[in-house]
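Below is one structure, written out as structure tokens, with a few remarks after it.
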Amino acid sequence: MLVSWNTTNACNLYCRHCYRDAGVKKEEELNTDEGLALIDEIARAGFKIMIFSGGEPLMRDDIYTLVEHARAKGLRPVFGSNGTLITGEVAARLKRSGAMAMGISLDSADPARHDEFRAAQGCWQAAVDGMKACREAGLPFQIHTTVMDWNYEEVENLTDFAVEIGAMAHHVFFLVPTGRGADIEEESLKANRYESLLTRIMQKQKQVGIELKPTCAPQFMRIAKELGIETRFSKGCLAGISYCIISPVGKVQPCAYLDVPVGNVRETPFSEIWRDNPVFKRLRTEEYTGGCGSCRYQKICGGCRARANYYNGDYMAEEPWCLYRESGKIRGE
């Protein structure tokens, strides 16, 4: 089980696809004491992995205190970061505080393309320097790539770069149009390219020694099974089942892209929200409708609940960009 806490809305970048519409710190963000109490509740609820994300989590002055507390509670603290603030000193301090791994965003092998997407000149080099700082400090890191139509052909090259620089994994994020991402929905991958890239990623997995994982594209579980590729994952979409997210001001929702608030940790203890909320309970039934409801891969895939909600208005509906049908054929063949 893993949980992501958007520790702050503050960010030093203004990325085009940001689901949180981050940039400026929000009023009434959880303070240090509230953050420590939240970590206690997360441990009480049985979670094992805690993702510190944002915004940019390294913009919180108390981030090391929070990481130390998470580690003391038996959690595995990891990060989702743009990487640009990771100096040698920061990497060393994160490791001393108990951080176990850093996820650093890199969307292109071309610095100019990455910088344009992230809306800040020089952020490609700063992110790569952050990776090198982690490597020197002995702090494991992985590369996160958000894939769009413009970098669709670059994914394998970025995997090769990840291997070369010493990353432990390459996770490829498929856009779900929420936050600022809704403004670039037309650039996201649709049906045929979605399926094609998932197949390419799984085939690439056979060639490299690091972990490759498509995110917000649960059909990779079906494709891995069809190709005979073993993964450590048991299900594609974890939203509300073994994963959820908490906003900077304490709102809980099933995943970053499924904007269905289910409570606020300032009003109800997180462990109670996780255990009792009706939205979570409905997601855990796995009683999907449409093609997802009758699919033989329902239990290991589950379809993207956020994408179903965005396009169909129902988070239990059919995944709109999945081409698979029970005939064993791909739609359009």
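Predicted model only: the values in this text are computed from it and were never measured.
With rounding to the nearest 0.5 Å, the separation of SG in Cys123 from CG in Asp129 is 11.5 Å. Annotation: the span from Ile223 atom CD1 to Ile229 atom CD1 amounts to 9.5 Å, rounded to 0.5 Å. In this structure, SG on Cys134 lies 4.0 Å from CD1 on Ile104, to the nearest 0.5 angstrom. The CD1 atom of Ile86 sits 7.5 Å away from atom CG of Leu139, with the distance rounded to the nearest 0.5 Å. Note that the CG atom of Leu158 and the CD atom of Glu153 stand 12.0 Å from one another [nearest 0.5 Å]. Between the CD atom in Gln142 and the CG atom in Leu106 there is a gap of 13.0 Å [rounded to 0.5 Å].
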Determine whether Arg113 and Asp107 satisfy the following criterion, salt bridge (Lys or Arg N to Asp or Glu O under 4.0 Å), listing intermediate values before the conclusion. CA-CA 8 Å; Arg113 298 180 91 188; Asp107 303 304; over 6 Å; no
Let's go through Asn151 and Ser108 carefully: what are the C-alpha distance in whole Å and the side-chain angles of both, what is the deciding distance for side chain to side chain donor-acceptor pair (under 3.5 Å) to 0.1 Å, and is it a yes or a no? CA-CA 7 Å; Asn151 61 354; Ser108 177; over 6 Å; no
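The closest side-chain heavy-atom distance from Trp321 to Leu189 is not below 4.5 Å. With contacts defined as side-chain heavy-atom distances shorter than 4.5 Å, the pair Tyr194/Leu323 does not qualify. In this structure, the side chains of Ile246 and Leu38 come closer than 4.5 Å at one or more pairs of heavy atoms. Taking the side chain as every heavy atom from C-beta outward, Leu2 and Met50 never approach each other to under 4.5 Å. Annotation: side chain of Val78 is not in contact with side chain of Met102 (no heavy-atom distance under 4.5 Å). Val265 is not listed as a side-chain neighbour of Glu34, based on a closest heavy-atom distance of 4.5 Å or more. With contacts defined as side-chain heavy-atom distances shorter than 4.5 Å, the pair Trp124/Arg118 does not qualify. You'll find the side chain of Val147 stays beyond 4.5 Å of the side chain of Leu175, heavy atoms only.
For the pair Glu287 and Arg282, the salt-bridge criterion is not met [side-chain N within less than 4.0 Å of a carboxylate O]. Ion pairing between Glu286 and Lys235 holds under the 4.0 Å rule for side-chain N and carboxylate O. Ion pairing of Asp149 with Arg193 is absent here, as no side-chain N (NZ or NE/NH1/NH2) approaches a carboxylate O to less than 4.0 Å. A salt bridge between Glu195 and Lys190 is absent, with no side-chain N of the basic residue lying under 4.0 Å from a carboxylate O of the acidic one. Under 4.0 Å is where a charged nitrogen must lie from a carboxylate oxygen, and between Glu226 and Arg222 at least one such pair does.
Counting only residues at least two apart or on different chains, the ring-ring contact (aromatic ring centres under 6.0 Å, His included) pairs with a member in residues 253-273 are Tyr19-Tyr257, Phe47-Phe270. Judged as a side-chain hydrogen bond (donor to acceptor under 3.5 Å, both in side chains), the pairs with a partner in residues 308-317 (not counting sequence neighbours) are, in order, Glu185-Tyr311.
Between His144 and His171, the ring-plane angle classifies as parallel under the 30° and 60° cut-offs.
The two atoms that bring His114 and Ser105 nearest to each other are CE1-O, 3.7 Å, heavy atoms only.
No continuous path of ILVMFWY side-chain contacts below 4.5 Å connects Ile49 to Ile63, so the two sit in separate hydrophobic clusters. Under the 4.5 Å side-chain heavy-atom criterion for Ile, Leu, Val, Met, Phe, Trp and Tyr, Leu94 and Val128 are members of the same hydrophobic cluster. Hydrophobic clustering (side-chain heavy atoms under 4.5 Å, transitive across Ile, Leu, Val, Met, Phe, Trp, Tyr) keeps Met168 apart from Phe161.
Cation-pi contact between Arg305 and Tyr288: present, with separation from the ring centre below 6.0 Å and deviation from the ring axis of at most 45°. Both the sub-6.0 Å distance and the 45° axial angle are satisfied by Arg200 relative to the ring of Tyr152. At least one test fails for Arg16 against the ring of Trp150: distance under 6.0 Å to the centre or angle within 45° of the axis. Cation-pi check for Lys213 over Phe233 is met; the charged atom lies under 6.0 angstrom from the ring centroid and within 45 degrees of its normal.
In this structure Ser247 satisfies the side chain to side chain donor-acceptor pair (under 3.5 Å) test with no other residue, sequence neighbours excluded.
Inspection of the Glu56 and Asn12 side chains reveals no N or O donor paired with an N or O acceptor under 3.5 Å. A side-chain donor from one of Thr84 and Asn82 sits under 3.5 Å from a side-chain acceptor of the other.
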